[in-house]
Amino acid sequence: EVQLQASGGGSVQTGGSLRLSCRVSGISFDEYAIAWFRQAPGKEREWVSCISTRDGKTTYADSIKGRFTISGDAGRKTVYLQMSSLKPEDTADYYCATEAVTCGVGVYDYWGQGTLVTVSS
């Protein structure tokens, strides 16, 4: 069974840092790219970042570029989202998902449960 487990959320003050993890099982780690999304209350889901573990290519949303870094560990079958300089606007449930073939295709076959990030002012 394909399973993605997102974790690492928590509460932090403005300017703080958190590292989210997305542990993947049931598929080869490099079979799909891994993307991060977030959704704040009352808002639509927003794409955040993606990493293709086959070629190492990474992409970021303009809203977080320069503050967040996505990376992968093939041995642990885990993708990380290192978040720094956090702002209250970053408060949301964060989700990871597989993306077919590579980043940019826009087909997301599997999703993990959300992990809540709360940034207080």
Side-chain angles (χ1 to χ4, degrees):
E1 179 182 357
V2 177
Q3 189 170 22
L4 284 72
Q5 295 279 5
S7 62
S11 298
V12 66
Q13 295 186 118
T14 298
S17 299
L18 285 172
R19 188 179 72 167
L20 306 184
S21 299
C22 178
R23 302 180 69 178
V24 179
S25 62
I27 57 172
S28 298
F29 184 68
D30 59 356
E31 183 176 357
Y32 297 95
I34 302 295
W36 284 97
F37 292 81
R38 66 185 182 185
Q39 187 168 23
K43 296 185 178 181
E44 291 188 340
R45 185 176 61 232
E46 176 189 12
W47 178 86
V48 175
S49 184
C50 181
I51 182 170
S52 174
T53 56
R54 293 184 63 83
D55 57 19
K57 185 177 181 180
T58 60
T59 52
Y60 300 93
D62 290 340
S63 60
I64 57 88
K65 191 172 184 178
R67 299 188 296 118
F68 293 9
T69 301
I70 190 170
S71 62
D73 186 326
R76 298 181 184 274
K77 292 189 175 182
T78 301
V79 168
Y80 303 97
L81 186 67
Q82 178 66 51
M83 307 183 295
S84 62
S85 300
L86 284 163
K87 307 174 181 179
E89 301 84 74
D90 297 318
T91 296
D93 283 314
Y94 284 71
Y95 302 83
C96 58
T98 62
E99 183 165 11
V101 185
T102 190
C103 299
V105 174
V107 178
Y108 307 100
D109 293 326
Y110 304 101
W111 292 80
Q113 294 291 323
T115 184
L116 178 63
V117 172
T118 302
V119 184
S120 60
S121 60

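The 12-atom threshold is not exceeded at CD of Gln13, counting heavy atoms of other residues, nucleotides or ligands nearer than 6.0 Å. By the neighbour-count criterion of 12 heavy atoms within 6.0 Å, atom CZ of Arg67 is densely surrounded, having more than that number from other residues, nucleotides or ligands.
Between Gly104 and Glu99, the shortest heavy-atom distance links the atoms N-OE2, 2.9 Å. Shown here for Thr78 and Ser21, the closest heavy-atom pair between the two residues is CG2-CB, 4.0 Å. Between Leu18 and Gln82 the shortest heavy-atom distance is O-NE2, 3.6 Å. When every heavy atom of Lys43 is checked against every heavy atom of Gln39, the shortest pair comes out as O-NE2, 3.0 Å. Heavy atoms only, all atoms of each residue included: Asp90 and Tyr94 are closest at O-OH, 2.7 Å. Closest non-hydrogen pair, Ser52 versus Cys103, comes out as N-SG, 3.5 Å.
The shortest side-chain heavy-atom distance between Trp36 and Val79 falls under the 4.5 Å cut-off. A heavy-atom distance below 4.5 Å is not found between the side chains of Ser49 and Thr58. In this structure the side chain of Thr102 never reaches within 4.5 angstrom of the side chain of Arg54, judged on heavy atoms. Between Met83 and Val48 there is no side-chain heavy-atom pair separated by less than 4.5 Å. No side-chain heavy atom of Thr91 sits less than 4.5 Å from a side-chain heavy atom of Val117. The shortest distance between side-chain heavy atoms of Trp47 and Thr59 falls below 4.5 Å.
For Tyr32 (side chain) and Tyr108 (main-chain N/O), no donor-acceptor pair under 3.5 Å exists by modelled atom type.
Separating the OG atom in Ser84 from the CZ atom in Arg19 is a distance of 13.5 Å, to the nearest 0.5 Å. Note: Ile64 CD1 to Ser85 OG = 11.5 Å, rounded to the nearest 0.5 Å. Remark: Cys96 SG to Gln113 CD distance equals 10.0 Å, nearest 0.5 Å. Rounded to the nearest 0.5 Å, atoms OG1 (Thr14) and NZ (Lys87) are 10.0 Å apart. Interatomic distance, NZ of Lys77 versus CD of Gln5, reported as 14.5 Å (0.5 Å rounding).
Between the side chains of Ser63 and Glu46, at least one donor N or O lies within less than 3.5 Å of an accepting N or O.
Connection of Tyr95 to Tyr60 is not established within any shared hydrophobic cluster, with ILVMFWY side chains joined at heavy-atom distances below 4.5 Å, either directly or through further cluster members. Val12 and Tyr80 are members of different hydrophobic clusters when ILVMFWY side chains are connected at heavy-atom separations under 4.5 Å. By the rule that hydrophobic residues join a cluster once side-chain heavy atoms approach within less than 4.5 Å of another member, Val101 and Leu4 end up as members of separate clusters. Placement of Val2 and Ile34 within a single hydrophobic cluster is found when ILVMFWY residues are connected by side-chain heavy-atom separations under 4.5 Å, directly or transitively.
Judged as a salt bridge (Lys or Arg N to Asp or Glu O under 4.0 Å), and not counting sequence neighbours, the contacts of Arg76 are Asp73. Residues passing the salt bridge (Lys or Arg N to Asp or Glu O under 4.0 Å) test with Asp93: none are found, sequence neighbours excluded. Qualifying side-chain contact (heavy atoms from CB on, under 4.5 Å) partners for Thr53, counting only residues two or more places apart in sequence or in other chains: Phe29, Asp30.
Using bins of under 30°, 30° to 60° and over 60° for the plane-to-plane angle, the ring pair Trp111/Phe37 lands in the tilted bin.
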